[in-house]
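First comes the structure, then the notes that go with it.
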Amino acid sequence: MCTVCGCGEGETTIDDHQHHHHEPSHEHSHEHTHDYGKGAAHAHAPGMSQARMVQIEQDILGKNNQYAAANRQYFSEHGIHVLNLVSSPGSGKTSLLSRTIEDMQAEFSVAVIEGDQQTANDAERIRSTGAKAIQINTGKGCHLDGHMVGHAVESLQPEDGSLLFIENVGNLVCPAAFDLGEAHKVAILSVTEGEDKPIKYPDMFHAADLMLLNKIDLLPYLDFDVAQCIAYAQQVNPRIRVLELSAKTGEGMDEWYQWLLSTRQTALIGHPKKRAK
């Protein structure tokens, strides 16, 4: 269950194979409150106390963090650089990823874990580039977690020294709370969404190390304030880096590739399994 919205689990499949979670059983309190997210849990669920919600969040995130730590250890041992791509639906995440793979896979091996509630459409798009991809369908779930990613990696078997992208479920709220064992969260925001997204969904932009402002080829046709958007992002996260680009035209993509290469090189300094094609 998600700690933020309480979405259900138990419907997860990895490439159509049923995948079950085994969460600790719990009893629901029937206490009713009207805090609407202003209490200690920063969320509201009818019939559940703030104390109970805080305890559930601690239990769920604590368990997730154990899976994420195991994933991170595996990635480190195998020299796999992992980026968790997060955004709202329609930001152009899959198009950005497809172009990135086509431009970069000559330099090193790339693999992708795709997350969506239903369909394998995005994994099929990624496979058409020649990269390995595996689809996780979360059913009613609104995010990927460390447990799902661990099982996906077992099936995907990314190469040592490779670059692994995790395309999370389109959602600017819940994926912010879940560590998957990645090196960096990268938030993708398109200029069609409104410049105030960073302050409307601050947790996501606070958790990200990089924001990619996508679809800048559309700016001449929109009333979108780029400077204000960047200011909002840096207001919630002063250390966030921002790159402006268009996955369609290729403008700004070179800076994105430079960031990819530099973070990969930094992560793999001294690693024996660093590999390039």
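Note that the structure is a prediction, hence the values are computed from the model and not measured.
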message: Under a 3.5 Å threshold, yes or no: a donor from one side chain and an acceptor from the other, between Asp160 and His78?
response: yes
[X] [atom1] to [Y] [atom2] distance, which is reported to the nearest 0.5 Å:
X	Y	atom1	atom2	result
Asn84	His184	CG	NE2	11.5 Å
Ile101	Thr129	CD1	OG1	4.0 Å
Trp259	Leu83	CH2	CG	5.0 Å
Glu182	His81	CD	NE2	11.0 Å
Asn137	Ile14	CG	CD1	10.0 Å
Gln118	Thr138	CD	OG1	7.5 Å

message: If you apply the rule salt bridge (Lys or Arg N to Asp or Glu O under 4.0 Å), what do you find for Asp116 with Lys93, and how did you get there?
response: CA-CA 12 Å; Asp116 260 323; Lys93 200 161 64 254; over 6 Å; no
Measuring only between side-chain heavy atoms, which start at C-beta, is [X] closer than 4.5 Å to [Y]?
X	Y	answer
Val82	Leu180	no
Glu167	Thr94	yes
Glu251	Ile216	yes
Arg264	Leu260	no
Ser88	Glu193	yes
Met211	Cys229	yes
Val186	Phe165	no
Leu189	Leu212	no

[X] side chain to [Y] backbone, donor-acceptor under 3.5 Å:
X	Y	result
Ser76	Arg72	no
Ser91	Ser87	no
Asn168	Leu144	yes

For the student: nearest non-hydrogen atoms of [X] and [Y], plus distance:
X	Y	value
Ala133	Ala123	CB-O, 4.0 Å
Ala187	Phe205	CB-CE2, 4.0 Å
Ser246	Asn214	CA-OD1, 3.7 Å
Ala111	Pro158	CB-CB, 4.1 Å
Gln135	Ala120	OE1-CA, 3.5 Å
Asp217	Pro220	O-CD, 3.4 Å

- request: Apply side-chain contact (heavy atoms from CB on, under 4.5 Å) to the pair Tyr74 and Ile80, showing each step before the final yes or no.
  value: CA-CA 8 Å; Tyr74 178 88; Ile80 300 170; 4.1 Å; yes
- prompt: After noting the C-alpha distance and the side-chain angles of Asp145 and Lys63, does the key distance pass the salt bridge (Lys or Arg N to Asp or Glu O under 4.0 Å) rule?
  reply: CA-CA 10 Å; Asp145 63 29; Lys63 187 173 182 180; over 6 Å; no
- prompt: Would you call Asp209-Arg239 a salt bridge at under 4.0 Å N-O?
  reply: yes
Are there more than 12 heavy atoms of other residues, nucleotides or ligands under 6.0 Å from atom [atom1] of [X]?
X	atom1	value
Lys132	NZ	yes
Gln228	CD	yes
Arg241	CZ	no

task: Please report the C-alpha distance between Thr100 and Met253 in whole Å, then the side-chain angles of each, then the deciding distance to 0.1 Å, and finally whether the side-chain contact (heavy atoms from CB on, under 4.5 Å) criterion is met.
output: CA-CA 8 Å; Thr100 299; Met253 292 294 285; 3.7 Å; yes
- prompt: Does the side-chain hydrogen bond (donor to acceptor under 3.5 Å, both in side chains) test come out yes or no for Asp196 and Tyr232, once each step is laid out?
  reply: CA-CA 7 Å; Asp196 59 349; Tyr232 282 146; over 6 Å; no
- prompt: Relative to the ring of His147, is the ring of His151 parallel (under 30°), tilted (30 to 60°) or perpendicular (over 60°)?
  reply: tilted
message: Walk me through whether Ser95 and Arg125 qualify under side-chain hydrogen bond (donor to acceptor under 3.5 Å, both in side chains).
response: CA-CA 9 Å; Ser95 296; Arg125 286 180 64 185; 3.0 Å; yes
task: Given side-chain contact (heavy atoms from CB on, under 4.5 Å), test Val173 with Asp203 step by step and report yes or no.
output: CA-CA 7 Å; Val173 182; Asp203 288 351; over 6 Å; no
message: Under the criterion side-chain contact (heavy atoms from CB on, under 4.5 Å), I'd like the reasoning laid out for Ile136 against Glu114: C-alpha separation, chi angles, the key distance, then a yes or no.
response: CA-CA 6 Å; Ile136 300 176; Glu114 282 285 347; over 6 Å; no
